[in-house]
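Here's the structure, in structure tokens; my notes come after.
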Amino acid sequence: MSLADYFEEEGVEAEEVEEELEEVLEESIYEAESPRNTDVCYVLSVTYSGKAGKALVKLYDPSKGCIYFWYDNTGHKPYCLTNVPIDAVKRNPRIVTHEGFDHVEEVVKYDPLADSEVVMTKVVAKDPLSIGGRPRKSIRDLLPAAWEAHIKYHNCFIYDTGIVPGMPYRVVDGSLQPVELSLEGMEEVKKIFEDEPPEVKEALNEWLPLLLSPAPSIRRAAMDIEVYSPIPDRVPDPREAEYKVLCIAFSATDGLRKVLMLRREGVEEGTEWPEGVEVEFFEDEKRMLAEAFKIMTSYPVLLTFNGDGFDLRYLWHRAKRLGFRKGEVPIALTKDSAMLAAGVHVDLYRFFHNRSVQVYAFGNKYREVTLDAIAEALIGHAKIQLSKPMSELSYAELAAYCFRDADLTLRLTTFQGDLLMKLLLLFMRLSKLPLEDVSRLGISGWIKNMLYFEHRRRGYLIPRPEDIVGVKGQATTRAKIKGKKYLGAIVLEPKPGVHFNVLVLDFTSLYPSIVKTRNLSYEVINCPHEECKSNVIPGTSHWVCLKRRGLTSLIIGLLRDIRAYWFKPRSKDKALPEELRDWYGVVDRSLKVILNASYGVMGADNFPLYCPPVAESTTAVGRYIITRTIEKARELGMEVIYGDTDSIFVRQPSEEQVKELVDWSERELKVDLDVDKRYRYVALPSLKKNYVGVMEDGSVDIKGMMGKKRNTPAFIKAAFVEMMRLLSEVRSPEGFEEAKKAVRDVVQSCYYKLKNRQYSLDDLAFRVMLSKPVSSYEKTTPPHVKAAKLLLNRGREVKAGDIIAYVKTRDSLGVKPVQLARIDEIDFDGYLSHIRTAFEQVLEALDVNFDEVLGVRRLEWFLTPGKA
DNA sequence: GCGGACTGCTTACCT
DNA sequence: ACAGGTAAGCAGTCCGCG
């Protein structure tokens, strides 16, 4: 169960720590009010209160900006299911004498794998830990087989009550009631789905309010702390909390801008105080922490950047060292999270770390998960650069530095009309996860919880992972890549060269469309019915049920349609009021995140509803669809020059051709084919997944090219950018000849500057991410790891996730970290091959020879490595 | 003993 | 811990070469 899973760190027994959390929650001087009646409030969080022995819902009241506690009064209790008959369970002494045992009852469930009703025994416990909190002694371990026994209690409570996190509720006479709102657009959307079967309409009625209900503005504070460190550049261990907390900064939506500062001997006042920020000095560290706890607790939401891993963890251990008593520290630490007693702690580092959030919600705008990189990419503000160690800063400098971090953290949630908060709220509603969980879990955690909720809503037994794979089997296709489980998408061989007037057609949400139209869902694929076996998925040996609609097909299909028919078009509709359009844009983005990942999780073996036949059927149909579409396009006389997974690039098609193809694919394949982009021209090298496309307005799409990769040295990137600028100005085939000349100049100048040693170390640095600790590279030692080792030898800290900047050197090792290298050690010739690859990718498309550009003589040409 | 062909590892990208 | 497909650079290995 949840609490036991959480508290395994810190060398403390699970029960012991749980107790600690209880005391924080129950005896804390900061405990929130539990009123009999409230105004409209939003559910921020649902947890289990050990002391109360029941679920605790944290409600946010936007009119007062405060948190209320609502304790479950419906008598809901933790449980799991078993197929052992009820009488047999009653006769099992180890169960019925278990100290947490409450009672047993019979329940009827629908077993989706067997497609039949099944009678199960529900074993109910007094507390969540009794179900699964104590290894080998829990009820789920005492039963020969248990279902739904690994669901955290607070989630189970959410499924059974139907409470949707992020939605408006009201406490009326002590009971929690959903608020019915009249929502703009509701009836209009329903009309679109008029002809759908009843199960789709029912699901629509449940989902629509989640997407149309307004988002409250949430009062919140961001916090950042600075800690003394005897060794500059080394972060103190939060578990030790050995050193003084120097200052604690807050920046909040209600205007609070404050730094708590510890007075120390020999520290200069300084002059450059941060503007509009109140600095309060403390002689005593303990009193400073107490004041910080007071501020933290006065906000319903506390934001940090890496508070789970550092700030809150450090404060908790430091408070213990300073002699705070239990109940005086409003923080509860778990294995890898830090929770708050009254409010909700959101660690933005965790949220931004979510790959789906990074790629789909924020369009891959930030490439590194650091406060500096994210703030720079999303809001155009950077951290303050320190020129000396933390311990040598004046009070003013320290206050400015610390406050900037807190303020950036806040602003990451306020930019674009609170975009991030709205996304969090929508993800809560879609996934049915509390704010703490949704901001920390990955996309598979979201989708798992979303689908579990739907199972429980319909009385479906949630299957055990091994049962799905056991009944439905493994994948039958062979992947192109060694080590992968099944065959994926098709990438067409590009036709190299420069092509004018290119149209890109793509299938909107191809995989979700396939999941919908082909009824792809774990329980209905390879179903037991003889008459369905002819309903084969092309390219596989799988078939799909014709009698029953699969649950995941229904949900994913519905979300796809809601997005495609309502939110996506309306998010671009200039006729709508700006505020509404923006909201539609946020909903569109959040749906996109869920939809894009919905196919992938089915093929992820750690996903609890993992079903290889479903995943490989999805890609198989995808291959079938793009292949047939290309054939049809060619039949219609169109020239397809490239395509990848769900897109085709067509050269100079007529409007009639396009219309005919679009109508055909809708009619024959039941997928929406849309014009995605119109390129003035596209430059295609012979490489797949690489191209440069210039739009009508001169904006440029660069895909795959080495010149845009993060690890490419800056001097190449800069020349590449210049080259792209020149190409974006080309309007016609005739204009190209001139551009080619200019492009040649760029390449030549880059080459000669290198030859003449005109680039700095930073220009020449490769910046490669260390994906794991240095010691874990066992098979090979790549250059960035060699460089990292040199840093380690010099006492520098190097950990997973760090970017290692290194240059090529002439010594025997061949590389050096930038920090340790001198310009006269550089192996300038070693860079030539990189220049070549980067520019040849573009030059090839322009039909320009790299070596001729460099003016290399014939003899040398023969001797150039890699040019055979 | 050395170099080319090859495989495998690693990172970063595309859809 | 969403998936598979593609590219690039380098490390390491094998094999043939008097």
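None of the values given here were measured: they were computed from a predicted structure. Values below: every heavy atom of this structure, side chains too, minus hydrogens, waters and symmetry copies. Lettering follows sequence order; numbering is per chain, from 1.
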Worksheet item: Are A/Asp701 and A/Lys677 close enough for a salt bridge, meaning some N to O gap below 4.0 Å?
Response: yes

Discussion item. What contact category does A/Met769 fall into here, base, sugar-phosphate, or nothing, at under 4.0 angstrom with non-hydrogen atoms?
Written reply: sugar-phosphate

Discussion item. Taking A/Asp851 first and then A/Arg836, would you say they form a salt bridge - that is, a charged N and a carboxylate O separated by under 4.0 Å?
Written reply: yes

Practice prompt. Using a heavy-atom cut-off of under 4.0 Å over every strand shown, decide if A/Ala615 touches base, sugar-phosphate, or nothing.
Written response: nothing

Worksheet item: Of A/Leu770 and A/Ser647, whose nearest nucleotide on DNA chain B comes first from the 5' end?
Response: A/Leu770

Discussion item. Quick check on DNA chain B: between A/Asp506 and A/Lys482, whose nearest nucleotide comes earlier from the 5' end?
Written reply: A/Lys482

Worksheet item: With a 4.0 Å cut-off on heavy atoms, is A/Asn606 in touch with a base, just the backbone sugar-phosphate, or nothing at all?
Response: base

Worksheet entry | Gap between atoms CZ and C1', on A/Phe720 and B/dA12 respectively (whole Å) | 14 Å

Practice prompt. Just call it for A/Phe507: base, sugar-phosphate, or nothing, with non-hydrogen atoms closer than 4.0 Å on any strand.
Written response: nothing

Discussion item. Within the 4.0 Å heavy-atom criterion, would you say A/Leu687 contacts the bases, only the backbone, or no part of the nucleic acid?
Written reply: sugar-phosphate

Discussion item. Atom NZ of residue position A/Lys472 - does it have more than 12 heavy atoms of other residues, nucleotides or ligands inside 6.0 Å?
Written reply: yes

Worksheet item: Which word best sums up how the rings of A/Tyr691 and A/Tyr679 line up, parallel for under 30°, tilted for 30 to 60°, or perpendicular for over 60°?
Response: perpendicular

Item to complete: Report yes if a side-chain nitrogen or oxygen of A/Thr837 is closer than 4.0 Å to either non-bridging phosphate oxygen (OP1 or OP2) of C/dG9; otherwise report no.
Response: yes

Worksheet item: Which of parallel (below 30°), tilted (30 to 60°) and perpendicular (above 60°) describes A/His834 and A/Tyr831?
Response: tilted

Discussion item. Below the 4.0 Å mark, does B/dC9 have OP1 or OP2 next to a side-chain nitrogen or oxygen of A/Thr780?
Written reply: no

Worksheet item: Taking OP1 and OP2 of C/dA11, is either one under 4.0 Å from a side-chain nitrogen or oxygen of A/Lys786?
Response: yes

Discussion item. Counting the atoms with a prime plus P, OP1 and OP2 as sugar-phosphate, which does A/Phe607 contact under 4.0 Å by heavy atoms, base, sugar-phosphate, or nothing?
Written reply: nothing

Worksheet entry | Length of the NZ-C1' vector between A/Lys709 and B/dC13, whole Å | 4 Å

Worksheet item: Atom CG of A/Asp802 and atom P of B/dT11: how far apart are they, to the nearest Å?
Response: 13 Å

Fill in: A/Tyr642 OH - B/dC14 P separation (whole Å)
10 Å

Practice prompt. Report yes if a side-chain nitrogen or oxygen of A/Tyr777 is closer than 4.0 Å to either non-bridging phosphate oxygen (OP1 or OP2) of B/dT11; otherwise report no.
Written response: yes

Item to complete: Check every strand shown and say whether A/Gly488 touches a base, only sugar-phosphate, or nothing at a heavy-atom separation below 4.0 Å.
Response: sugar-phosphate

Worksheet entry | Residue-phosphate contact under 4.0 Å: A/His784 side-chain N/O, B/dT11 OP1/OP2 | yes

Practice prompt. Assign A/Ile447 to base, sugar-phosphate, or nothing according to its heavy-atom contacts below 4.0 angstrom with the strands shown.
Written response: nothing

Practice prompt. Measure from OH on A/Tyr806 to P on B/dT10 and round the result to the nearest Å.
Written response: 14 Å

Practice prompt. To the nearest Å, give me how far apart CZ (A/Arg478) and P (C/dG5) are.
Written response: 11 Å

Discussion item. Over all strands shown, is A/Lys448 touching base, sugar-phosphate only, or nothing at heavy-atom distances under 4.0 angstrom?
Written reply: nothing

Practice prompt. Select from A/Ala489 and A/Ala597 the residue whose nearest nucleotide in DNA chain C is closer to the 5' end of that strand.
Written response: A/Ala597

Discussion item. Output the rounded distance in Å from CG (A/Asn690) to C1' (B/dT15).
Written reply: 13 Å

Worksheet item: Taking only side-chain nitrogens and oxygens of A/Lys808, does any of them come within less than 4.0 Å of OP1 or OP2 of C/dC10?
Response: yes

Worksheet entry | N or O in side chain of A/Lys689 less than 4.0 angstrom from C/dT6 OP1/OP2 | no

Item to complete: Hey, can you tell me if A/Phe362 and A/Phe352 have their rings parallel, tilted or perpendicular (30° and 60° cut-offs)?
Response: tilted

Worksheet item: Think A/Lys688 has a side-chain N or O under 4.0 angstrom from the OP1 or OP2 of C/dA7?
Response: no

Discussion item. If I take atom CZ in residue A/Phe766 and atom P in nucleotide C/dC10, what distance separates them, rounded to the nearest angstrom?
Written reply: 7 Å

Discussion item. In terms of relative ring orientation, are A/Tyr806 and A/Phe766 parallel, tilted or perpendicular, with 30° and 60° separating the classes?
Written reply: parallel

Worksheet item: Is the shortest side-chain N/O distance from A/Ser771 to OP1 or OP2 of B/dT11 below 4.0 Å?
Response: yes

Item to complete: Check whether any side-chain nitrogen or oxygen of A/Gln841 sits under 4.0 Å from OP1 or OP2 of C/dA8, and answer yes or no.
Response: yes

Discussion item. Is A/Arg623 close enough to C/dG4 that one of its side-chain N or O atoms is under 4.0 Å from OP1 or OP2 there?
Written reply: no

Practice prompt. Check whether any side-chain N or O of A/Lys779 sits under 4.0 Å from OP1 or OP2 of C/dC10, and answer yes or no.
Written response: no

Discussion item. Taking any heavy-atom pair under 4.0 Å as a contact, classify A/Arg355: base, sugar-phosphate, or nothing.
Written reply: nothing

